[in-house]
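Read the structure below first, then the notes.
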Amino acid sequence: ELNCMGFIWDFYEEQWQQILDSLHVYKELNGHLEVPEEFVVPSEAPWPKDAWGVNLGNRVDRIRNQKSYIKKPTFRIMNHLGEAVIRALI
């Protein structure tokens with residue numbers, strides 16, 4: 001029943017998925033992942049609706065400088081965005 005209501009069982013995984021989905025769109029639109037630190041996900045298509053308003057630039061900066069979010073197996077990330085994208089992040 002909780003699943004039907006959209007209950008989030010793993011908040012960390014949910015946040016990580018927002019970042020990955022947003023990065024995928026950013027790369028499609030800009031051809032790179034040099035996300036400015038002040039970049040906020042716009043509240044419009046083609047951006048993932050659940051990521052609207054997320055400060056993607058700040059999150060990417062934390063990934064690069066503090067290695068936060070890099071706790072899941074890297075093969076999952078590579079499957080989603082590709083090895084070159086991961087190298088751009090870390």
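Quantities reported herein were computed from a predicted structural model and do not represent experimental measurements.
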Q: State, with a plain yes or no, whether a side-chain heavy atom of Val60 is found less than 4.5 Å away from one of Leu56.
A: yes
Q: Could you check Lys27 against Leu23 for side chain to side chain contact (heavy atoms under 4.5 Å, CB included), going step by step and ending with a plain yes or no?
A: CA-CA 6 Å; Lys27 187 171 189 302; Leu23 285 172; over 6 Å; no
(Q) Show me the pairs that pass side chain to side chain donor-acceptor pair (under 3.5 Å) and involve residues 30-43, at least two apart or across chains. (A) none
Q: Identify the heavy atoms of Leu29 and Pro46 that sit nearest to each other, and give their distance.
A: CD1-CG, 4.2 Å
Q. How close do Val25 and Pro48 get, heavy atom to heavy atom, and via which atoms?
A. CG2-CD, 4.1 Å
Q) Roughly how far, to the nearest 0.5 Å, is NE2 of His24 from CG of Leu20? A) 10.5 Å
Q | Point-to-point distance, once rounded to the nearest 0.5 Å, from CG of Asp50 to OG of Ser22 | A | 7.5 Å
Q. Can you name the side-chain hydrogen bond (donor to acceptor under 3.5 Å, both in side chains) partners of Glu44, sequence neighbours left out?
A. none
Q: Check whether any side-chain N or O of Trp52 sits under 3.5 Å from a backbone N or O of Trp47 as a donor-acceptor pair, and report yes or no.
A: yes
Q | Ring geometry between Tyr26 and Phe39 (parallel below 30°, tilted from 30 to 60°, perpendicular above 60°) | A | perpendicular
